[in-house]
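If you read the sequence from its start, that first residue is 1, and numbering goes on from there.
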Amino acid sequence: MEQAKVYFSDLRCHPGLNLPDKLKKLIRAAGIGKIDFDHKMVAIKMHFGEPGNLAFLRPNYAKAVADVVKELGGVPFLTDCNTLYAGRRKNAVEHLDSACENGFSPLSTGCQIIIGDGLKGTDDIEVPVEGGVYVKRAKIGRAIMDADVFISLSHFKGHENAGFGGALKNIGMGCGSRAGKMEQHSAGKPEVDHARCVGCRMCAGQCAHSAISYGEDRRASIDHSRCVGCGRCIGVCNFDAIHNPNDCANDELNAKIAEYSKAVVDGRPQFHISLVIDVSPCCDCHGENDVPILPDVGMFASFDPVALDQACADACMAQSPMPGSQLDDNMRAPDFCDHHDPFRNSFPETNWRVCLEHAERIGLGKRSYELIRVK
């Protein structure tokens with residue numbers, strides 16, 4: 001079986017070559033020019049970062065990709081869909097304000113920003129998922145599906161439910177409308193360990209569905225009839241008091257992410273980029289970012305999003321934990337069980353391999369790849 005090709009560039013620079021230029025060189029070497037961009041509308045899917053989080057990709061990287069697309073004759077726009085949870089990206093107005101606050105504008109990126117699922121996250125289209133097991137028709141932001149060419153630009157980092165957030169997480173969950181995100185998250189509902197809960201109420205502040213309440217003992221409880229299973233409360237709890245008791249729920253989430261990703265990219269030109277930098281333990285959806293759990297690695301690009309995620313994961317597996325990080329703290333704990341995997345060692349109930357295995361099974365891409373270094 002022919003291997004997918006994944007192109008890699010490290011982050012070393014010398015006078016006369018900066019990182020945006022190095023990214024341009026990487027994606028050209030990876031073959032982005034093989035795509036017919038002539039007068040095509042090009043969606044560049046990325047994450048603008050929840051205000052307060054500083055781990056998201058800088059606008060400079062988006063401009064590098066947009067510049068290359070324009071040089072090749074395309075009409076690029078940056079895009080993301082609205083969030084399911086409480087925060088400042090749950091509707092298009094606040095989402096655009098947040099993007100602007102974090103430095104994204106036509107001046108800084110060289111292209112416009114369009115929120116993929118409209119003003120209130122309801123402007124979506126149902127897209128058939130060929131080979132889908134959990135999802136037959138994915139709910140994808142309409143503007144993303146209207147684009148002629150699809151490019152993903154991902155910040156590769158940890159994730160409290162998926163294990164890591166890479167290309168497939170950026171595509172599958174990120175391109176889902178608010179209804180699509182709810183469909184992906186609906187498999188599992190978190191529970192509270194009252195012995196660990198200190199009543200800080202941080203979890204309630206993250207819940208968009210008023211599912212968390214407090215008893216006379218000030219301990220949190222989660223109403224599963226209201227909860228949609230988004231997992232934001234898990235990530236924000238500093239006391240490990242909230243967990244998902246159903247390991248299969250995270251597995252199903254990963255499988256649905258793969259199926260949503262297939263819906264987005266099937267049948268049209270696509271290209272994928274991931275930057276393994278500022279590898280925070282949790283998603284950029286958080287209004288904060290912890291110190292990186294791993295050193296910066298570099299930039300990766302491929303036509304195959306599955307191979308791209310596998311290559312990024314393999315590169316991370318070869319790194320040592322950053323001293324003083326969450327990962328380092330976990331590995332020093334008395335009851336630590338080593339999974340020999342930085343992402344499972346960060347969140348043991350996650351298994352990112354499920355997503356890639358399922359993605360390969362439904363024909364989204366290949367996990368086997370050839371790594372080609374671009375200097």
Side-chain angles (χ1 to χ4, degrees), residues 35-37 40-47 74-84 89-92 95 113-154 161-162 165-187 228-230 252-273 302-309 354-366:
I35 297 174
D36 176 13
F37 284 104
K40 301 292 196 303
M41 293 290 180
V42 183
I44 302 175
K45 169 63 182 75
M46 66 178 306
H47 195 304
V75 183
F77 64 94
L78 305 183
T79 190
D80 196 4
C81 287
N82 292 305
T83 60
L84 181 63
R89 295 179 303 117
K90 61 184 179 294
N91 62 65
H95 205 153
I113 300 171
I114 299 174
I115 302 305
D117 59 345
L119 180 62
K120 297 182 178 180
T122 57
D123 188 16
D124 58 16
I125 183 170
E126 291 194 356
V127 183
V129 182
E130 185 178 348
V133 176
Y134 299 93
V135 179
K136 300 303 180 183
R137 299 183 69 85
K139 302 171 183 67
I140 309 297
R142 186 176 297 274
I144 292 171
M145 293 311 301
D146 281 347
D148 303 302
V149 179
F150 180 83
I151 295 174
S152 67
L153 174 59
S154 308
N161 295 127
L168 296 186
K169 178 67 168 53
N170 182 28
I171 300 166
M173 185 63 71
C175 292
S177 65
R178 296 193 82 192
K181 288 179 172 66
M182 183 176 292
E183 180 176 34
Q184 292 176 78
H185 276 299
S186 64
V228 300
C230 73
E252 186 172 323
L253 169 67
N254 268 320
K256 288 180 176 179
I257 287 171
E259 293 183 2
Y260 260 69
S261 297
K262 192 168 193 289
V264 172
V265 303
D266 257 2
R268 61 175 166 171
Q270 57 176 297
F271 189 80
H272 309 283
I273 307 156
S302 179
F303 285 97
D304 187 323
V306 181
L308 181 63
D309 269 355
V354 170
C355 184
L356 303 193
E357 290 167 358
H358 191 65
E360 186 172 47
R361 191 178 303 118
I362 63 176
L364 178 56
K366 304 172 183 176

Looking at D80 and K45, does any basic side-chain N land under 4.0 Å from a carboxylate oxygen?
yes
Quick one: does S302's side chain have a donor or acceptor within less than 3.5 Å of a partner on P305's backbone?
no
S261 and G172: which non-hydrogen atoms are nearest, and at how many Å?
OG-N, 3.2 Å
Minimal non-hydrogen separation, I44 against P76, with atom names:
CD1-CB, 3.9 Å
Go through the structure and list residues passing side-chain contact (heavy atoms from CB on, under 4.5 Å) with N91, not counting sequence neighbours.
V93, E94
For H47, give me all partners under ring pair (Phe, Tyr, Trp, His ring centres under 6.0 Å), at least two apart in sequence or on another chain.
none
Work out which heavy atom in C230 is nearest to a heavy atom in N161; give both atom names and the distance.
O-OD1, 3.3 Å
Roughly how far, to the nearest 0.5 Å, is the CG atom of N82 from the CG atom of D124?
11.0 Å
Any side-chain to backbone donor/acceptor pair from K136 onto G132? Under 3.5 Å, distance only.
yes
Rounded to the nearest 0.5 Å, what separation is found between the CD atom of E183 and the CE atom of M173?
10.0 Å
To check you understand the geometry: which heavy-atom pair defines the closest contact between C355 and A258, and what is its length?
O-CB, 3.7 Å
How long is the span from the CG atom in D309 to the CG atom in L356, to the nearest 0.5 Å?
5.5 Å
In Å and rounded to the nearest 0.5 Å, what is the OG to CD1 distance from S152 to I171?
4.0 Å
I would like to know whether L364 and L168 meet side-chain contact (heavy atoms from CB on, under 4.5 Å); could you show each step before the answer?
CA-CA 10 Å; L364 178 56; L168 296 186; 3.6 Å; yes
V75 versus M41: any side-chain heavy-atom pair under 4.5 Å?
yes
Look up atom NZ in K90 and atom NZ in K120, then write down how far apart they are to the nearest 0.5 Å.
12.5 Å
Name all residues meeting the side-chain contact (heavy atoms from CB on, under 4.5 Å) criterion together with R268; count only those two or more places apart in sequence or in a different chain, and write none if there are none.
I144, M145, A147, F150, V264
Between I257, V135, L84, N254, which is the residue that forms a side-chain contact (heavy atoms from CB on, under 4.5 Å) with Q184?
I257
So K366 and V306, side-chain contact (heavy atoms from CB on, under 4.5 Å) or not? Walk me through it.
CA-CA 6 Å; K366 304 172 183 176; V306 181; 6.0 Å; no
Heavy atoms, side chains only, cut-off 4.5 Å: are F303 and I35 in contact?
yes
Check whether any side-chain heavy atom of E259 sits under 4.5 Å from a side-chain heavy atom of H358, and report yes or no.
yes
With distance as the sole test, does Y260 use its side chain to make a donor-acceptor pair with the main-chain N or O of V129 at under 3.5 Å?
no
Quick one: does any side-chain atom of D117 pair with a main-chain N or O of C81 as donor and acceptor, under 3.5 Å?
no
Please name the pair of heavy atoms, one in A255 and one in V354, separated by the smallest distance, quoted to 0.1 Å.
N-CG1, 4.5 Å
Residue pair H272 / V265, side-chain heavy-atom distance below 4.5 Å:
yes
For A359, is there any backbone N or O sitting under 3.5 Å from a side-chain donor or acceptor partner on K262?
no
Looking only at heavy atoms, the pair that brings A143 and I114 closest together is CB-CG2, 3.9 Å
So CZ of R142 and OG1 of T122: to nearest 0.5 Å the spacing works out to 10.0 Å
